[in-house]
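First comes the structure, then the notes that go with it.
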2 protein chains.
Amino acid sequence: MTTKSERTQQRIIDAANQLFYRKGYNRTSFTDVVDEAEVPRGNIYYYFKTKEEMLRAVIKHRMETTTLMLSEWEKSIKNPLDRLERFVQIMYDSTPALLRSGCPMGSLNVELAKDQPELKSDAKQLFDLFQQWLAKQFAQMGYPEEARELSLELLARGQGIIVIAQVYQDPGFLERGTKEINRWLENLDRYA
Amino acid sequence: MTTKSERTQQRIIDAANQLFYRKGYNRTSFTDVVDEAEVPRGNIYYYFKTKEEMLRAVIKHRMETTTLMLSEWEKSIKNPLDRLERFVQIMYDSTPALLRSGCPMGSLNVELAKDQPELKSDAKQLFDLFQQWLAKQFAQMGYPEEARELSLELLARGQGIIVIAQVYQDPGFLERGTKEINRWLENLDRYA
DNA sequence: TCGTGGTTTGGATTATAGTCCTAAATTTTC
DNA sequence: GAAAATTTAGGACTATAATCCAAACCACGA
């Protein structure tokens, strides 16, 4: 059972998570978070002394939900190809959000890579998490040597497609892009 | 011959251009620009009343230098394949800057796409400029129908590679990525 | 019941950002 | 070379951000 205080903290994290995604980390103010979470102004400092602390909590939260998601995929999907395609599918499923705010992981990293090295290294963990999971799938598919490189290539393809789809507000590009990735994955699987 | 005032304005634009790239638009303050350009605090407002105006001037400046660069490539390089590969080469040549601050065009668009729609549409022009030039080359190469799609795909590949190379601080990934793009372009050319 | 630690408030405080103003200096124009 | 326009210069002003504080509140065990 969760205490009221825990629930408040979670509300703050959820609000910050959303705002950091929609507005970016630097353009999100404490006031924004306080309003969104419906927490009285001063109270937020009881939970997070600084904005950086808040970001770390948000990243931790994303790490947890992502870890859960990936392990569920691993449990419910037996075939590595299908798992990789499941990954591609969340891209497609998230079209509206991606067109509006870009990739939550990519845009955060791009933002923090500018001049905020400590925070950047925190955000990078999110990439690591996906990268390692993807590499595992490629390895199981029959590419143990190339697994890391293939996982990076898959991530790069995803990032590129999302950036362009967002710039041109073009859901079709995202759709064609994900289909093309699937073709590539299926070929890899076939000739493994 | 340029007047002193014109040179001052240019110094401001250059300083802002660099800072927007290195620190991002939102995290760059007037104070930063003033310091970098070595212009007295109040003077900058004689040239740019608002920060947005300054960004627009920076984008205009980038548009001009890019236009010049592309038209010079067009003049000095006859073959569309070679022109496309010249484009890929600036990516490779810019490795240190890309690892530090990402793609100047991509990161600006990603930043402004969050919640700053008017500025975003200005930044998009930079993509349009490259996109149209690239499409022209693909058309000349023998793909008039697919030119736009191919140009978007080339841009997407570039963006993806840069993001991943930056996240992992991996110049090798950038090098392998650009080589792979060249292979792709050469195949397109061969079977046009 | 009381008190003590955790929690809640809202406003106060400080820093920084963006913007404006006005007077002096300089350049341009006649 | 004087008047007019442009440019310089530094500080003042306002808004907004992050952060802090101290009093009030509440829950629960002694």
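Residue numbers start from 1 in every chain, and the chains themselves are labelled A, B, ... in the order their sequence lines are given, proteins ahead of strands.
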**OP:** Specify the residue among Gly42(B) and Tyr45(A) whose closest nucleotide of DNA chain D lies further upstream toward the 5′ end.
**Re:**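 It is Gly42(B), whose closest nucleotide lies nearer the 5' terminus.
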Protein-nucleotide distance ([X], atom [atom1]; [N], atom [atom2]), rounded to Å:
X        : N       : atom1 : atom2 : result
Asn43(B) : dT22(C) : CG    : P     : 17 Å
Ile44(A) : dG10(C) : CD1   : P     : 14 Å
Arg11(B) : dT8(D)  : CZ    : P     : 9 Å
Gln9(B)  : dT8(D)  : CD    : P     : 10 Å
Asn26(A) : dT16(C) : CG    : P     : 16 Å
Arg41(A) : dT13(C) : CZ    : C1'   : 12 Å
Arg27(B) : dT16(D) : CZ    : P     : 21 Å
Lys51(B) : dA17(C) : NZ    : P     : 9 Å

Subject >> Per Phe30(A) side chain, nearest of listed nucleotides dT8(D), dG18(C), dA18(D) >> reply: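 Nearest to the side chain of Phe30(A) among the choices is dA18(D).
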**OP:** With the side chain of Tyr46(A) defined as its heavy atoms from C-beta on, choose the nearest nucleotide among dA17(C), dT7(D), dG6(C).
**Re:**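 Of the options given, the side chain of Tyr46(A) lies nearest dG6(C).
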Original post:
Below 4.0 angstrom from OP1 or OP2 of dT8(C), is there any side-chain N or O of Tyr47(A)?
Top reply: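 For Tyr47(A), the contact criterion (side-chain N or O under 4.0 Å from OP1 or OP2 of dT8(C)) is met.
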**OP:** Could you tell me whether the phosphate oxygens of dT7(D), OP1 or OP2, come under 4.0 Å of any side-chain nitrogen or oxygen in Thr8(B)?
**Re:**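 Checking Thr8(B) against dT7(D): no side-chain N or O falls below 4.0 Å of OP1 or OP2.
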**OP:** State whether the side chain of Lys51(A) and the backbone N or O of Thr28(A) hold a donor-acceptor pair below 3.5 Å, judged by distance alone.
**Re:**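 Yes.
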Subject >> Pairs involving residues 109-128 of chain B, ordered by first then second residue, that meet ring pair (Phe, Tyr, Trp, His ring centres under 6.0 Å) (sequence neighbours left out) >> reply: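 Those involving residues 109-128 of chain B do not exist here.
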**OP:** Side-chain contact test, heavy atoms from C-beta onward, threshold under 4.5 Å: evaluate it for Met105(A) versus Gln159(A) and give yes or no.
**Re:**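 Result yes, sub-4.5 Å side-chain heavy-atom pair found.
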Original post:
Restricting to pairs with a member in residues 160-177 of chain A, which pass side chain to side chain donor-acceptor pair (under 3.5 Å), not counting sequence neighbours?
Top reply: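 Counting only pairs at least two positions apart or across chains, the side chain to side chain donor-acceptor pair (under 3.5 Å) contacts touching residues 160-177 of chain A are Tyr168(A)-Asp128(B), Glu175(A)-Lys179(A), Arg176(A)-Glu149(B).
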